[in-house]
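Okay, structure first, notes after.
When a residue number appears, it is its place in the shown sequence, counting from 1.
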Amino acid sequence: MRLFAAVLPPEPAVAELAARVRALRALPGADGLRWTEREGWHFTLAFFGEVAEDVLPELHTRLARAAHRHHPHVLWLAGGGRFDDRVVWVGVGGDSEALRRLAGTVEAGGRRAGVPMDRHRPYHPHLTVARARPPRHGSPRHGSATSLAPYLDGLTDFAGREWTVGELSLVRSHPPAPGVPGQQPRYEVVAAWPLGH
């Protein structure tokens, strides 16, 4: 199973962001980006990749321990940024340091459970809202066909309502069917643990 650990924002926070993203999608050139669907909006804490069935029980144990060690904390969706010219994301306000600590514990738990993880990178909490489309075959590879600046400008003043992170989720990613344009991955929560319990 292709798995990752995540924090899922509650529906009222998602609805606020969806309203802002609708405005961004109405901007000229927005069809040059692949927009993520609100059903898939999440903050990845650690990406585990393909996890073997025999590793799952230990991974569940480690994630339950990680959730127990961290208390609920307050966040809100806020602002935005980009990774190069590839990704537009929304950030967080509030106790982002608590989210970073949770991500570190979750990643360590995955390693201890026997999940082969990529090298450690500093955690940067973000929720992806759009990706640049890959260049078409035969087109130049330098630069992005769509400037991300208008979308970043449209997120600068965004600040959603406060919400309490109270749960750590283990999510399965179902990849889109090959050859179906515009289809998105589907995400399924397979387990969840309350923080601080």
Q) Going through the checks in order, is the side chain to side chain contact (heavy atoms under 4.5 Å, CB included) test met by His42 and Thr44? A) CA-CA 6 Å; His42 60 270; Thr44 301; 3.1 Å; yes

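- Under the 3.5 Å distance criterion, with hydrogens and angles disregarded, no donor-acceptor pair is assigned to the side chains of Thr105 and Arg101.
- Cluster annotation: Leu63 is connected to Leu56 through the hydrophobic network of ILVMFWY side chains, with a link wherever side-chain heavy atoms come within less than 4.5 Å.
- Counted within 6.0 Å of NE2 on His71, heavy atoms from surrounding residues, nucleotides or ligands total 12 or fewer; the atom is thus considered open.
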Q | Pair Tyr151-Trp35, ring pair (Phe, Tyr, Trp, His ring centres under 6.0 Å): steps then yes or no | A | CA-CA 12 Å; Tyr151 311 102; Trp35 294 87; 5.7 Å; yes

(Q) Could you walk me through whether Trp193 and His60 satisfy the ring pair (Phe, Tyr, Trp, His ring centres under 6.0 Å) test, starting with their C-alpha distance in whole Å, then the side-chain angles of each, then the deciding distance to 0.1 Å, before giving a yes or no? (A) CA-CA 9 Å; Trp193 299 270; His60 279 236; 5.5 Å; yes

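- One hydrophobic cluster, built from ILVMFWY side chains closer than 4.5 Å, holds both Leu170 and Met1.
- The nearest pair of heavy atoms linking Phe158 to Leu17 is CZ-CA, 3.8 Å.
- Ion pair Arg20/Glu16 not flagged as a salt bridge, since none of the NZ, NE, NH1 or NH2 atoms sits closer than 4.0 Å to an Asp/Glu carboxylate oxygen.
- Side-chain contact between Leu148 and Leu33: present, with at least one pair of heavy atoms (C-beta onward) separated by less than 4.5 Å.
- Ionic pairing of Arg62 and Glu107 is not present here: no N-O contact between side-chain nitrogen and carboxylate oxygen is shorter than 4.0 angstrom.
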Q. After noting the C-alpha distance and the side-chain angles of Arg2 and Glu188, does the key distance pass the salt bridge (charged side-chain N to carboxylate O under 4.0 Å, His left out) rule?
A. CA-CA 11 Å; Arg2 190 173 173 83; Glu188 170 193 6; over 6 Å; no

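- Following chains of ILVMFWY side-chain contacts shorter than 4.5 Å, one can reach Trp41 starting from Leu152, so the two form part of one hydrophobic cluster.
- In this structure, His124 has its ring center closer than 6.0 angstrom to the ring center of Trp89.
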Q) Which is it for His174 and Tyr187 under the ring pair (Phe, Tyr, Trp, His ring centres under 6.0 Å) test, yes or no, and what are the steps along the way? A) CA-CA 6 Å; His174 299 273; Tyr187 300 114; 8.8 Å; no

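- Between Thr36 and Arg131, the closest heavy-atom pair is CG2-NH1, 3.5 Å.
- Residues Val189 and Val14 do not share a hydrophobic cluster, defined by chaining ILVMFWY side chains whose heavy atoms lie under 4.5 Å apart.
- When all heavy atoms of Pro194 and Ala67 are compared, the pair lying nearest together is O-CB, 3.6 Å.
- The minimum heavy-atom distance between Gly166 and Pro72, with the atom names listed, is CA-CB, 4.4 Å.
- For Gly110 against Leu59, the heavy-atom pair with the smallest separation is CA-CD1, 3.9 Å.
- Counting heavy-atom neighbours within 6.0 Å of Arg112 CZ, excluding the residue itself, gives a total of 12 or less.
- Note that CD of Glu167 and CG of Leu195 are 8.0 Å apart. Values are rounded to the nearest 0.5 Å.
- Ring orientation note: the planes of His126 and Phe83 are nearly perpendicular, at an angle over 60° on the 30°/60° scale.
- Across Val90, Leu8, Leu127, Leu75, a single residue satisfies side chain to side chain contact (heavy atoms under 4.5 Å, CB included) together with Phe43, and that is Leu127.
- Both Leu45 and Trp163 are members of a single hydrophobic cluster when ILVMFWY side chains are connected at heavy-atom separations under 4.5 Å.
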